[in-house]
Undergrad: 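Let me give you the structure first, and then I'll get to my questions.
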Amino acid sequence: QEGMVCRKHDMEGSGKKASNRSWNNLYCVLKPGQLSAYKDSKSFGHGVTYHGEDPLSLSNATWEILTNYKKKKHVAKLRLADGSEYLFQCKDEEELQRWSQAMDKA
Ligand code: I3P
C-alpha cells in the first residue's frame, strides 16, 4: 500500500507533545513491519525519505480510526511501540479503509 496521505506528528515517545505539529502531505509507503514517508512518488523512486527520516517501525504499533475526531475527516492514529503518535488523514473513506486493512496486515 502506498499513496499521498496527510500526516501530523502528535506525540513524542516521551509522552510530551511533538514540537513540529504541522500537517504534511506525504507519499507514504507501507512495507511489512514499516512505514516510510517521502515528499512525493519521485522521491520514493530515488529512495530519498522525507527529511531523511528513518521508517517507522510497526512492531507493537496500533492503528485506530478516529471516528470522533472533529477537526478533520478520515483520520487515523498510529501509535508506535515507543509511545509516539502520528495522525494520518486520508482523502476519503475508501482510502482510509484501504490503509486500515493494509496496517492490519503489516
Ligand atoms: C500547527 C498547525 C496544525 C495544528 C497544530 C498547530 O501549527 O496549525 O494544523 O493542528 O495545532 O500547532 P504550525 O503549523 O505552526 O506548527 P490541527 O490541524 O490538528 O489543529 P495543535 O498544536 O493544537 O496540535
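Predicted model only: the values in this text are computed from it and were never measured. What you see below is based on every heavy atom in this structure, not just the backbone, and it leaves out hydrogens, waters and symmetry mates. Indexing begins at 1, ligand by ligand and atom by atom, following the structure's order.
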Undergrad: Name the closest protein heavy atom to atom 9 (O) of ligand 1, giving the residue it belongs to and the distance to 0.1 Å.
TA: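 Protein heavy atom with the smallest distance to atom 9 (O) of ligand 1: Trp23 CD1, 3.3 Å.
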
Undergrad: Starting from atom 24 (O) of ligand 1, find the nearest protein heavy-atom neighbour and note its residue, name and distance.
TA: Lys8 NZ, 2.4 Å

Undergrad: Give a yes or no on whether a salt bridge exists between Lys16 and Glu85, defined as a side-chain N under 4.0 angstrom from a carboxylate O.
TA: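 Here Lys16 does not pair with Glu85 in a salt bridge, since their nearest N and O are not under 4.0 Å apart.
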
Undergrad: Between the candidates Lys72, Arg21, Lys71, Lys70, which shows the shortest non-hydrogen contact distance to atom 12 (O) of ligand 1?
TA: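 That would be Arg21.
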
Undergrad: Run the numbers for me: atoms of ligand 1, each under 4.0 Å from some heavy atom of Tyr69, listed by number.
TA: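 Those qualifying, in numeric order: 19 (O).
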
Undergrad: Start with the C-alpha gap between Trp63 and Leu35, add the side-chain angles, then the distance that decides, and say whether side chain to side chain contact (heavy atoms under 4.5 Å, CB included) holds.
TA: CA-CA 12 Å; Trp63 174 266; Leu35 180 67; 5.7 Å; no

Undergrad: Is the gap between the ring centers of Phe44 and Tyr38 under 6.0 Å?
TA: yes

Undergrad: Do other residues, nucleotides or ligands put more than 12 heavy atoms under 6.0 Å from Asp104 CG?
TA: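 Yes, enclosed.
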
Undergrad: Report yes if some N/O of Ser22 lies less than 3.5 Å from some N/O of ligand 1; otherwise report no.
TA: yes

Undergrad: Would you mind checking if Asp10 and Lys17 are paired as a salt bridge, meaning a charged N to carboxylate O distance below 4.0 Å?
TA: no

Undergrad: Would a search of protein heavy atoms around atom 14 (O) of ligand 1 find one under 4.0 Å away?
TA: yes

